[in-house]
2 protein chains.
Amino acid sequence: MAATIRDVARLAGVSTSTVSRALSVPDLVNPATRAKVRSAADSLDYAPNKAARGLITGRTGNLGLVLPDLANPFFPSVVKGVQARARAADLAVFVADTDEDVAAETGLVRALAQQVDGLVLCSPRAGADELAKIAADTTVVLLNRLVDDLPAVVFDHADGMRQAVAHLVALGHRRIAWVSGPAASWSSEQRGQGLAQAAADQGVELVEVGHFPPHYDGGMAAADQVVATGATAVITYNDLVAIGLLARLHGRGIAVPDELSVVGIDDIAMAAMARPALTTIRLPKERAGRLAVELLLTLLDHATAADEPPVRRVLRGDLMVRASTGVPPR
Amino acid sequence: MAATIRDVARLAGVSTSTVSRALSVPDLVNPATRAKVRSAADSLDYAPNKAARGLITGRTGNLGLVLPDLANPFFPSVVKGVQARARAADLAVFVADTDEDVAAETGLVRALAQQVDGLVLCSPRAGADELAKIAADTTVVLLNRLVDDLPAVVFDHADGMRQAVAHLVALGHRRIAWVSGPAASWSSEQRGQGLAQAAADQGVELVEVGHFPPHYDGGMAAADQVVATGATAVITYNDLVAIGLLARLHGRGIAVPDELSVVGIDDIAMAAMARPALTTIRLPKERAGRLAVELLLTLLDHATAADEPPVRRVLRGDLMVRASTGVPPR
DNA sequence: CTGAAAGCGCTAACAA
DNA sequence: TTGTTAGCGCTTTCAG
């Protein structure tokens, strides 16, 4: 069906190698023949077969993105960032949603690894050793996770927590609750530690309420425990949790922010749509996706060279204070 | 790095052809040798190179999914359905978000077409002729769009509208507003027509308010026009629009559902989280994704045969009436 | 039931 | 600057 390099060669009256060169290393061929080849290729609507090319160059021109749950609005943003950068480099992106399942994650990674040049693992759930093993065979960039010295793009969670605490302290809060995410979550751990540090530095009391699933239901479940802590403000693992919390608080007739201030993390679109609008720490999600691909491309270029490429990017988030939130505690 | 079929052949003491057969057409080889090959393959952690296989079989083992906007929660659900079914058939999925851009859509489709066995075009924005052209070169299944006789999975929008109207009529509404989606949107068109029919059948007055972007901002923008119609109930193009509408109504101090009943379409997770919870028509999104792949697989199998495969699936949605909604008009 | 040989579409030495 | 040759990793005739 599709034209092959031979069809183009025949039509242009040259050899297949010349066609190949004319199209991928134009400077190596005579401008005249180059033009002939080009027009022949155009008229046949020829596009080189990526699989065949990959077989010989070792580059597939594809890239894999593995993430835990597309239903969490955090991740589509990352996908967009990754795709934007990948497209600019003429790479196609395999996306794999693991449904928060570690086993599925490693399986998918193995399946993808063989047909991509590199992999972006977004908030991977797998263990450190597992990830190290994967990284041994494949070029990998972690996104929102740090493991050994693996290349990674991460957010400065500690700084985000610092901002959140500063905001709450300025409003007069002195006792803050922290709703942590999944026990095995690297970012929950980071956020928790950053928060503990910030609380200590800024002289406020911190109560952890622990380990909830990273979505709406988790927040629903956490709400009552949060209330029981007697804290006047709460910071949640992410916005989805915050929104679930808001719902349960509303159900119990607890006014937000008058009786309890709520701060989320991520700044998903829904945060602005919630009523009252959710105060949150905005993470540069798309940018993180773009940078992850950027990093991957660098690594691929330096693959053979022995020099150390830059291997880690840390991105800062920003406090988003929204209308109708941020009332001092009673 | 990775083991090739030759490594396996050497280790098992057989030819590469035997390895190939033992792994892909096991019945053709002696059980004893089959076992030898299997264990050799296992110990080398061998997996056949998909690109090389594709070169000869003409099957890539990949599948493309093109959609307008991952940020709309409707689409991640479809992605999940597609991935689930694809995974079961051992296919990897390229996902391409076009950002609602028709030009980007056709470009991405062309780029993907060459390296997939088939394409699922979800709510495609491209023109009918464009799509027909694409379908001429590639096996394509449309999702939520009908064009000529192209294979498709669609929702029964007319029936959904019938249910929505029946619900509102039962509550006593006699004048309903319709907030339509993008002018070029097939599903908006379908929903509008279905609604018009339902309104006529059930004897209620319908006022269209027109053509808004299919997201939150569209709903915000539509709200004032809706109010101006004097309708006691409104049906919106989708849930995102409904939620935007809700926000603006809240801003204007208009009580929902007491002063205005709002019905969305899709049943995205956010619909249940909204306050008041949104009444909506639930569309079987994941199922649609699964069926689209199913259909694609059927088409691929029948590719050469001349017999007509089943080529269209129509899925019914269901009314989701949520707590605190559904009050008769004043 | 198994092996040898050919070749999918392409690129990369190596010559000319 | 261009063509010839070889071969990426695999499957598939075609013999045996």
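In the text below, chain A, chain B and the rest are named by the order of the sequence lines, each starting its count at 1. No hydrogens, no waters, no symmetry mates; every other heavy atom, side chains included, goes into these values.
The list of ring pair (Phe, Tyr, Trp, His ring centres under 6.0 Å) pairs with a residue in residues 96-148 of chain B, not counting sequence neighbours, is empty. Identified under the ring pair (Phe, Tyr, Trp, His ring centres under 6.0 Å) test for residues 36-66 of chain A, with sequence neighbours left out: none.
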What donor-acceptor contacts under 3.5 angstrom involve side-chain atoms of residues 78-95 of chain B, with partners at least two apart or in another chain?
from, atom 1, to, atom 2, distance (Å)
B:Lys80, NZ, A:Asp69, OD1, 2.6
B:Lys80, NZ, A:Asp97, OD2, 3.2
B:Lys80, NZ, A:Asp99, OD1, 2.6
B:Gln83, OE1, A:Asp97, N, 2.9
B:Gln83, OE1, B:Arg87, NH2, 2.9
B:Gln83, NE2, A:Val95, O, 2.4
B:Arg85, NE, B:Glu294, OE1, 2.9
B:Arg85, NH2, B:Glu294, OE2, 3.2
B:Arg87, NH1, A:Asp97, O, 3.3
B:Arg87, NH2, A:Asp97, O, 3.1

Enumerate, atom names and distances included, each donor-acceptor pair closer than 3.5 Å involving a side-chain atom of residues 34-41 of chain A, sequence neighbours excluded.
from, atom 1, to, atom 2, distance (Å)
A:Arg34, NE, A:Pro26, O, 3.2
A:Arg34, NH2, A:Pro26, O, 3.4
A:Arg34, NH2, A:Val29, O, 3.3
A:Ser39, OG, A:Lys36, O, 3.1

Footprint string (nucleotides 6-16 of chain D, 5' to 3'): B base within contact, S backbone only, - free, heavy atoms under 4.0 Å
-BBBBBBB---
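A:Asp7 places its CG atom 11 Å from the P atom of C:dC8, with the value rounded to the nearest Å. Following rounding to the nearest Å, A:Leu28 (CG) and C:dA12 (C1') show an atom-to-atom distance of 11 Å.
Residues passing the side chain to side chain donor-acceptor pair (under 3.5 Å) test with A:Thr18 are A:Ser15, sequence neighbours excluded.
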